[in-house]
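Reviewing the structure listed below.
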Amino acid sequence: MESSHRVVHAPLGITLSVATASGRAESTWILLHGSDGHETDLMPLADRIAPGSAQIALRGAVETTGGRAFFGRRADRTIDGEEVSARIGPLVDAIEHGQRLVGGTGGRFLLGFSNGAIMAAALLERAPELFTAAILIRPQAPFRAPPPPVRVTIPVLILDARHDARRARHDGLHVASRLRDIGATVEHRTLPVHHGITHEDERAIREWVDETPQPPHITELR
């Protein structure tokens with residue numbers, strides 16, 4: 001059964017959809033959609049993987065031809081690290097605002113796809129304290145400079161696609177290397193699929209979540 005959700009606006013202008021936990025579920029899933037997407041795109045996936053969990057689904061601030069993105073690209077399709085960096089603060093504000101609305105002291109799982117996975121990688125490098133686990137589907141490194149001297153002590157799953165026309169073969173491995181350098185425990189998998197999310201991705205995520213030790217309860221944001 002899919003979560004019912006409501007649309008809210010964080011103080012710094014980010015729109016998000018939130019769904020409170022139901023039953024005995026305590027974890028919160030923070031969802032970042034892909035390019036030309038919408039904030040609710042990943043909610044059904046999170047419902048299937050973690051039924052009843054709270055959800056904070058963020059809407060990208062950049063308008064695109066088909067929807068939204070969390071950052072734009074240059075004309076040559078490269079990533080502008082300065083733009084990505086500038087957009088982190090409002091997203092952190094929105095996540096904290098959403099967490100206060102949904103409550104809970106269980107694990108906080110960050111799930112990002114494509115454009116959202118790139119932004120998720122940026123959040124892990126700049127605001128790792130917000131999360132207890134992360135899943136990045138088809139990421140790229142958000143910055144050219146080495147990651148800052150932070151400690152990311154959380155488990156991370158990175159899912160690449162063998163037949164992905166929108167990614168270079170090393171993209172996910174590069175992200176994995178950056179996160180390992182700052183302490184994350186990273187599992188990297190390459191699936192025999194294309195760029196979009198498939199049943200293979202869902203199966204891999206479900207297996208990883210089941211095998212990953214549950215994070216300890218954390219202090220509720222106020």
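Predicted model, so just to flag it, every value in this text is computed and none were measured.
- Considering all non-hydrogen atoms of both residues, V84 and P142 come closest at CG1-CB, 4.1 Å.
- Here R87 pairs with E83 in a salt bridge; the nearest charged N to carboxylate O distance falls below 4.0 Å.
- The 12-atom threshold is exceeded at CZ of R74, counting heavy atoms of other residues, nucleotides or ligands nearer than 6.0 Å.
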Audit row: H5, V18, side chain to side chain contact (heavy atoms under 4.5 Å, CB included) steps and yes/no: CA-CA 5 Å; H5 61 272; V18 297; over 6 Å; no
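- Under the 3.5 Å distance criterion, the side-chain polar atoms of N115 are left unmatched by any main-chain donor or acceptor of S35.
- Rounding to the nearest 0.5 Å gives a distance of 13.0 Å between CZ of R68 and CG of D41.
- Here R169 contributes atom CZ and R162 contributes atom CZ; the two are 8.5 Å apart, rounded to the nearest 0.5 Å.
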Worked check of side chain to side chain contact (heavy atoms under 4.5 Å, CB included) between I137 and I135: CA-CA 7 Å; I137 306 173; I135 300 157; 4.2 Å; yes
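- T198 places a side-chain N or O within donor-acceptor distance of the main-chain N or O of E200, the cut-off being under 3.5 Å.
- A salt bridge is defined here as a Lys NZ or Arg NE, NH1 or NH2 lying under 4.0 Å from an Asp or Glu carboxylate O, and D201 with R138 meets this definition.
- Here the options are L32, I49, I197, the test is side chain to side chain contact (heavy atoms under 4.5 Å, CB included), and the partner is L42; only I197 passes.
- To the nearest 0.5 Å, the span separating OG1 on T185 from CZ on R180 amounts to 9.0 Å.
- By the criterion of side-chain heavy atoms lying less than 4.5 angstrom apart, applied directly or through intervening Ile, Leu, Val, Met, Phe, Trp or Tyr residues, I158 is not grouped with L173; the two fall into different hydrophobic clusters.
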Intermediate values then yes/no, side chain to side chain contact (heavy atoms under 4.5 Å, CB included), R206 and R48: CA-CA 9 Å; R206 192 185 305 277; R48 294 192 297 271; 4.2 Å; yes
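- Between the side chains of H188 and D160, at least one donor N or O sits under 3.5 Å from an acceptor N or O.
- Placement of L130 and L16 within a single hydrophobic cluster is found when ILVMFWY residues are connected by side-chain heavy-atom separations under 4.5 Å, directly or transitively.
- Under the 4.0 Å criterion applied to side-chain N and carboxylate O atoms, E207 and R189 are assigned as salt-bridge partners.
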Full working for side chain to side chain donor-acceptor pair (under 3.5 Å) between S17 and T40: CA-CA 7 Å; S17 290; T40 57; over 6 Å; no
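- A distance-only check finds a donor-acceptor pair linking the side chain of Q99 to the backbone of G103 [under 3.5 Å].
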Check against side chain to side chain contact (heavy atoms under 4.5 Å, CB included), R59 and I14: CA-CA 7 Å; R59 180 187 297 175; I14 299 293; 5.5 Å; no
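- A cation-pi arrangement is found for R126 relative to F143, the charged atom lying closer than 6.0 Å to the ring centre and inside a 45° cone about the ring normal.
- Between the side chain of H195 and the backbone N or O of D164 there is no donor-acceptor pair closer than 3.5 Å.
- I95 and V62 end up in different hydrophobic clusters when Ile, Leu, Val, Met, Phe, Trp and Tyr side chains are linked at under 4.5 Å.
- The distance from the CZ atom of F71 to the CG atom of L91 is 11.0 Å, given to the nearest 0.5 Å.
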